[in-house]
Every structure is written in structure tokens, then in C-alpha cells.
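Just below is one structure, and these are the notes that go with it.
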There are 2 protein chains.
Amino acid sequence: MSEKVTIYDIAEKLNITAATVSRALNNNPKIKEATRELVIKTAAAMNYKQNKLALALKSGRSNNIGVIVPRIDSNFFASVIRGIEEELYPHGYQVIICQTHESIKRENENLHTLVDAQVDGIMMSVTGISDENDSAFRNVLEKNVPLIFFDRSKHIDGVSSVTINDFKGGYLATKHLIDEGCRNIAHFSGDQSLDIFKNRFLGYKQALLDNGLPFNEEYVIFTKSSVDAGKDAVDKLLQLQTPPDAIFSSSDFAALGAIQELKERNISIPSEFCVAGFSNEPFTKFMELSITSVDQSPLEMGRMSARVFLEQVDKTDTIKIEKKVVLAPELHIRKSSTRTNF
Amino acid sequence: MSEKVTIYDIAEKLNITAATVSRALNNNPKIKEATRELVIKTAAAMNYKQNKLALALKSGRSNNIGVIVPRIDSNFFASVIRGIEEELYPHGYQVIICQTHESIKRENENLHTLVDAQVDGIMMSVTGISDENDSAFRNVLEKNVPLIFFDRSKHIDGVSSVTINDFKGGYLATKHLIDEGCRNIAHFSGDQSLDIFKNRFLGYKQALLDNGLPFNEEYVIFTKSSVDAGKDAVDKLLQLQTPPDAIFSSSDFAALGAIQELKERNISIPSEFCVAGFSNEPFTKFMELSITSVDQSPLEMGRMSARVFLEQVDKTDTIKIEKKVVLAPELHIRKSSTRTNF
DNA sequence: TACTTTCGTGTAATCGATTACATAAAACTT
DNA sequence: AAGTTTTATGTAATCGATTACACGAAAGTA
């Protein structure tokens with residue numbers, strides 16, 4: 001009962017060859033209509049299921065694509081993956097998930113594993129910039145596996161990417177804080193070897209300069225993306241001679257930590273201090289004191305990455321297209337930065 | 001440069017056969033040490049990578065496992081998947097993600113697709129109970145693909161599951177509300193054809209009875225797991241002759257909606273009204289008015305599911321073991337239900 | 001009727017690995 | 001030195017599908 005049925009079993013039963021069965025099932029026009037119907041009926045009766053592995057080996061296409069992210073249990077990455085899966089599902093691709101846990105070594109391993117598993121493409125958000133794993137990337141490209149970066153990308157010739165305009169995101173958030181009357185705006189940044197953090201920072205800086213505010217190096221703090229890191233950063237900022245009156249944080253979690261710490265110190269938000277985050281994590285909207293944040297449209301980012309992959313995979317033989325899609329960030333203004341009584 | 005290197009290429013270069021190359025690379029003891037070293041060195045020099053598809057076809061094991069969830073962008077499911085991936089990674093398995101979007105038809109398709117893709121096992125959280133897709137499940141079992149349910153499970157002979165004790169979770173939360181002085185406790189339930197909702201409800205009911213409180217059918221509202229559904233439900237409850245003074249919600253989102261609606265009506269929490277949710281979504285902890293919730297230890301659930309799979313996959317030839325792992329829920333008591341001034 | 005197309009299937013190679021069986025060479029007996 | 005065992009490797013089948021090529025039969029043409 002549980003034996004796997006192959007085209008040979010069907011062939012034997014009908015006294016024909018496996019080749020004919022294969023052709024019949026694939027709607028090859030050379031097969032007589034009567035034969036085709038008989039084969040299809042018999043296949044159904046025997047509960048035949050095509051072995052995708054055999055097909056994959058023969059065709060060289062596994063119909064699997066790999067997705068590498070730092071971790072999956074973050075709303076942003078989960079949403080991107082959701083977008084990828086939704087877009088690829090109708091095309092018959094399966095999505096394989098890998099997590100790096102922010103380790104370059106792991107990223108390396110994942111890249112190799114996916115290539116070895118013969119995936120038809122890889123979409124990833126880079127964990128960090130280092131030349132430690134250049135060879136892993138080179139391996140992917142040499143094997144002609146389409147590679148697409150989303151959000152956190154790396155500059156590699158011939159590799160497409162889907163990102164948001166982080167500069168603009170940083171600019172918008174900072175400009176908003178300025179418009180709300182803040183004059184000493186601090187910034188929580190991340191590892192600036194990653195473009196996303198670099199560009200948010202540059203956007204922040206530009207907004208200050210464009211509005212006649214001085215850029216103060218002391219106001220830029222490098223934090224991890226965590227609540228505690230945000231608390232610590234606020235602690236540092238408040239010890240400055242001129243403490244800031246607002247924070248634009250590259251991380252919603254750090255922004256939340258900042259808010260918690262500020263409240264702890266009885267600094268009232270937004271009247272005395274404004275906060276804006278980045279990523280539009282679900283909780284920013286749910287809080288009673290909802291947090292202003294820059295949305296990165298992760299679902300759209302995932303969908304778009306998948307679409308870029310599909311374009312790429314079709315024109316395998318033509319010249320490699322390097323597509324850089326840049327999505328527009330959207331600032332969601334909420335209570336943490338809205339001085340209604342202004 | 002980009003050509004794929006096979007064992008035949010290595011064999012040709014060294015004037016030996018592919019069989020010898022294969023044995024050398026697999027540390028077969030019958031191979032002369034000198035030959036082994038030479039093969040390994042040459043393989044490395046030629047940048048040989050084993051084609052996992054060929055291996056999979058030959059061995060009948062793809063080293064892929066499939067995970068089916070309603071959606072991936074929910075902290076609970078994402079965390080379970082994280083647990084699964086982490087536990088399986090050292091064993092060389094890759095994780096394929098499928099989403100049903102709460103559609104039985106999609107669940108069906110996913111099951112078939114995964115089986116056709118020759119996955120070595122399937123872990124899933126059932127989307128709904130219906131006999132529409134019994135055949136899909138039967139197909140999985142007939143093909144001897146290990147199947148493991150987590151969280152939302154279905155009763156099928158020989159299928160293992162990893163769940164939490166939802167009865168206890170419901171009981172704990174309700175008992176806690178009673179202890180805080182609430183006497184008219186309402187309950188937001190879900191589709192009770194799913195055990196998880198049925199059992200949380202039963203736990204709720206039992207806690208009432210054990211504490212001498214009457215069970216009131218009107219206090220049980222069936223809601224979707226969304227903020228808006230929670231608001232609507234509160235609206236209904238407040239129209240009752242004797243409105244409740246607490247809610248135990250099977251969904252954190254509905255609990256949040258309830259809280260928002262109650263605040264809107266100037267009902268103060270927790271002094272006048274207490275709320276407890278289920279799932280311990282990240283935002284419940286982050287809110288200023290943090291929400292009491294039952295934790296389901298999703299990470300542990302994922303890890304455990306993976307472990308059950310690993311046990312199962314090894315003893316393929318022995319009798320099928322049906323393992324039912326039941327994790328203990330943990331109530332996280334927070335502000336939404338703590339009457340400090342009590 | 002003899003000759004050319006067309007049609008439908010069969011034969012066998014192929015994808016890239018593993019492995020039971022066969023075998024030649026080397027090593028060990030006595 | 002002849003016989004036996006061990007060692008290292010080659011031969012060929014196999015996993016389950018697809019497909020170029022071959023070929024007999026049927027159909028069309030003159």
C-alpha cells in the first residue's frame with residue numbers, strides 16, 4: 001500500500017514503456033489520445049506521484065529557493081519571508097529558511113549548504129560586511145545561482161537588490177522631529193559597515209544641516225537592537241552637558257527602551273522629549289503611547305525580491321541583469337512624537 | 001569556471017573510476033590511504049561539491065523537512081520555526097516553509113507538495129478540522145512520511161504531537177483573575193473544533209466551577225484573533241444585563257482590542273476590569289499597561305517537535321511510536337490584571 | 001503499386017551519486 | 001613455491017524521471 005509508484009510500475013501494468021508514460025503525463029503531442037487518457041487514468045488509480053527529486057536531478061532545477069536571514073522570529077524578516085513565499089507559491093517554488101543568528105560563519109555555511117542543495121536561487125539579508133566569506137559569495141556566483149539581497153545588502157557586481165531608501169527614511173523621521181520643535185536630536189545607529197545604518201545616519205545628518213541645526217557627534221550612539229541597549233543609550237545621553245530633546249532610533253526596540261528609561265526618569269513624552277523608531281514593528285502601533293516609526297514595507301520587499309528572482313531565472317542565458325529596486329519608506333507618525341498641544 | 005564538477009570529472013583527471021572517488025570521499029575503509037588523500041586534495045582543488053539531489057534520489061532521503069503553519073508572520077509561529085530550525089541544523093536538515101493562510105484547500109496542497117518533494121518529515125500546526133483533506137493526511141501516512149503536529153493538532157492514529165496543556169493554561173489564567181477578585185469573568189474563544197480553543201475554554205469553565213462561580217454561557221464570545229474582533233466582543237459584553245468584570249481571552253490580539261475599547265469607555269484597568277490573554281506575544285510585555293498572558297514556550301515547542309521527528313526518523317523500521325508531548329503553560333502576570341491596591 | 005511522410009512507441013543514454021559483486025594484485029600461509 | 005586470504009579498485013546496476021534517436025506501421029502521394 002505504501003510503496004512508491006513510479007512510471008515504470010504504470011508502464012508495466014499497461015504493457016508499454018516508461019517513456020510513453022512520461023510523455024503521456026507531460027502532454028507530449030506525439031502521444032495518441034487514447035494512450036494518454038489510459039495512462040492518466042491508470043496513474044490516478046495507482047495514486048502515482050511524480051518524484052520531484054528525480055525530475056530535479058534530470059533537469060538541474062530543484063524548484064527550491066533559499067532565504068537567509070539573521071533570525072526568523074522578528075516581525076520584519078518574517079513578513080519579508082511571507083511576501084517571498086506568497087509570490088513564489090503560484091510558480092511552484094518552495095522556500096527553504098536559514099538563520100545566521102548574526103554570525104558570519106553561519107552565513108557562510110548557509111550559503112554553501114544552499115548551493116550544495118542545488119537551490120535555484122538565494123535571497124538574503126546580509127548579516128555583516130566582512131571579507132571572511134567572500135569566497136562563499138563567489139561560490140554562489142560561479143555556480144550561476146541567482147542571488148538577491150533584500151534590506152541589508154552588499155556591493156557585488158551583477159547582484160540585484162531590493163532595499164528601501166534608508167537615507168530618505170532617516171531624513172523624514174528627523175525632519176518630522178524638527179518640525180515638532182525638537183532642536184537637539186540624538187540618533188541611535190547600528191553597525192555602519194551596513195548600508196542601512198550608514199544611510200539612515202546620513203539622512204539624519206542631512207536633515208539637521210538642511211534645517212540649520214548643528215550636527216553633534218556626541219549625539220550619535222551605536223546600539224544593538226534591543227530594549228536594554230536603548231535604556232543604556234539614554235543613560236549616556238542624559239549625562240551630556242546639553243542632553244538631547246529627541247531621539248531618532250534605527251531600531252524600534254532601542255526606541256522602546258529609550259521611552260521606558262525616559263518615563264522612569266519622569267521625562268514626559270512627547271512634551272519634553274520626542275522619540276521616533278525604525279521598522280514599524282507591530283508593538284509600536286499597539287502601545288498606549290504609540291511610537292512613531294519608519295515603515296519598510298517588508299511584505300512588499302519580499303514580494304519584490306521574489307519578482308526580481310523570477311525575472312532573473314527566466315533569462316538565464318542572456319546577459320546578467322543587475323536590478324536595484326529601492327522602495328520608498330513611509331513615516332508613521334504616532335504619539336511618541338506628536339506634540340498635539342503645540 | 002562555472003561548470004559543475006562531478007565525481008566523474010575527478011575520476012577522469014586521476015585516471016581512476018568514479019566509484020573509487022565516491023568511496024574515497026565517503027571515508028570507505030577499503031580505500032588506500034594514498035588514494036584517499038589524493039582524491040580529497042584533487043576534489044578540493046577542483047572545487048568539487050557533492051550534488052545533494054543525486055544523493056537524495058539514490059538514498060531516498062532529501063534531508064528536507066516541511067513545516068506548515070497558518071502564517072509565518074506571527075511571533076508564535078515564527079518562534080516555533082526558529083526552534084525547529086535550530087534543533088535540526090546540526091543534523092543537516094533544511095526547513096521548507098509553507099503557509100496555509102487559514103485555508104484548508106491550501107493546507108491540502110501544501111501536504112501534497114511536500115510529499116511530492118520527498119521531504120523526510122512534516123511538522124505542522126493544523127489550520128482547521130475538516131474531513132475535506134483527510135485524503136491528504138492519509139497520503140502522508142501511506143508514504144510513511146513522519147508527521148508531527150504542534151500546537152493545533154488533529155487526532156490521527158500513529159501521529160505524534162507537541163502541544164501545551166491548554167486546559168491548564170485556561171485554568172491558570174481564570175484562577176488568577178478570580179484571585180484578583182473578579183467574579184464575572186468572560187471568555188473569548190476561537191473555533192472550538194480545534195482542541196486548543198476547546199481546552200482553554202474547558203479550563204476556564206473548570207476554574208469557575210472549582211471556585212464556586214457560576215458558568216454563564218453569555219460570557220463566552222467567539223472571536224477571531226484580531227484587535228478589532230476584541231473591540232466588538234467587548235461591545236457585546238457591555239450590553240449584557242450584568243456586564244463582566246474580567247476577560248480571559250484566547251488571543252492576545254483580541255485582549256488588546258478589549259483593553260483599547262475599555263479605555264475608550266473610561267473603564268479603568270485593572271481596578272474595574274481585568275484582562276488576561278494567551279500566547280505571550282511580544283507586545284503584551286512592552287505595553288505601558290502590560291498584558292497578563294499565558295506563555296506557550298514556542299521555541300521549546302519547535303525544538304521538541306524537531307526532537308520527536310529525529311527519534312521517529314531513526315527507527316523507521318520498528319513499530320511506529322506515537323508520542324504525545326505536552327508542555328506546561330506558564331502564566332505571566334502583568335499589570336492588566338494586577339490590583340496592587342487590593 | 002511503390003515511395004514518401006507522418007505518427008506513435010520503443011531503445012537507450014543521461015542527470016550524479018552509491019554500492020553489491022567481480023577481480024587483479026599483494027600479502028600471508030605452510 | 002603453491003595455495004589462501006586480504007586489499008584496493010573496477011564494472012555495472014540503481015534511484016525515477018526525461019528525451020534524442022531509431023523504427024515499424026499507417027497514411028498520403030503519384
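Numbered from 1 within each chain, the chains take letters A, B, ... in sequence-line order.
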What does the list of N/O pairs under 3.5 Å between the protein and nucleotides 20-27 of chain C look like, with a distance for each?
unit_1	atom_1	unit_2	atom_2	d
C/dA20	N6	B/Arg23	NH1	3.4

Rounded to 10°, the helix from C/dT1-D/dA30 to C/dT30-D/dA1 deviates from straight, judged by its five-pair end axes, by 50°
Among side-chain atoms of A/Ser161 and A/Ser153, is any donor-acceptor pair under 3.5 angstrom?
no
Pair A/His91-A/Asn63, side-chain donor/acceptor within less than 3.5 Å
no
Once salt bridge (charged side-chain N to carboxylate O under 4.0 Å, His left out) is applied, what residue pairs with a partner in residues 49-64 of chain B remain, sequence neighbours excluded?
none
Would you give the length of the straight line joining atom CG of A/Asn75 to atom CZ of A/Arg82, rounded to the nearest 0.5 angstrom?
10.5 Å
Mind checking the CG-CD1 spacing from B/Asn27 to B/Ile31? Nearest 0.5 Å is all I need.
10.0 Å
With sequence neighbours left out, write down each residue that passes side-chain hydrogen bond (donor to acceptor under 3.5 Å, both in side chains) with [X], or none if nothing qualifies.
X	answer
A/Tyr48	none
A/Asn51	none
A/Lys13	none
B/Arg23	none

Can you name the residues that form a ring-ring contact (aromatic ring centres under 6.0 Å, His included) with B/Tyr93, not counting sequence neighbours?
B/Phe309
Is the closest basic N to carboxylate O distance between A/Lys154 and A/Asp134 below 4.0 Å?
yes
Here the residues of residues 47-60 of chain B within 4.0 Å heavy-atom distance, strictly under, of DNA chain C are B/Tyr48, B/Lys49, B/Gln50, B/Asn51, B/Ala54, B/Leu55, B/Lys58
First and last nucleotide of DNA chain D in contact with chain B, 5' to 3', at under 4.0 Å to a heavy atom: what are they?
D/dA8 to D/dG16
Answer yes or no: are there more than 12 heavy-atom neighbours, outside A/Glu12 itself, under 6.0 Å from its atom CD?
no
More than 12 heavy atoms of other groups within 6.0 Å of A/Lys324 NZ:
yes
What parts of residues 34-46 of chain B reach DNA chain D, counting only heavy atoms under 4.0 Å away?
B/Thr35
Where the side chain of A/Asn110 meets the backbone of A/Gln99, is there a donor-acceptor pair that is under 3.5 Å apart?
yes
With sequence neighbours excluded, tell me which residues meet salt bridge (Lys or Arg N to Asp or Glu O under 4.0 Å) with A/Arg106.
none
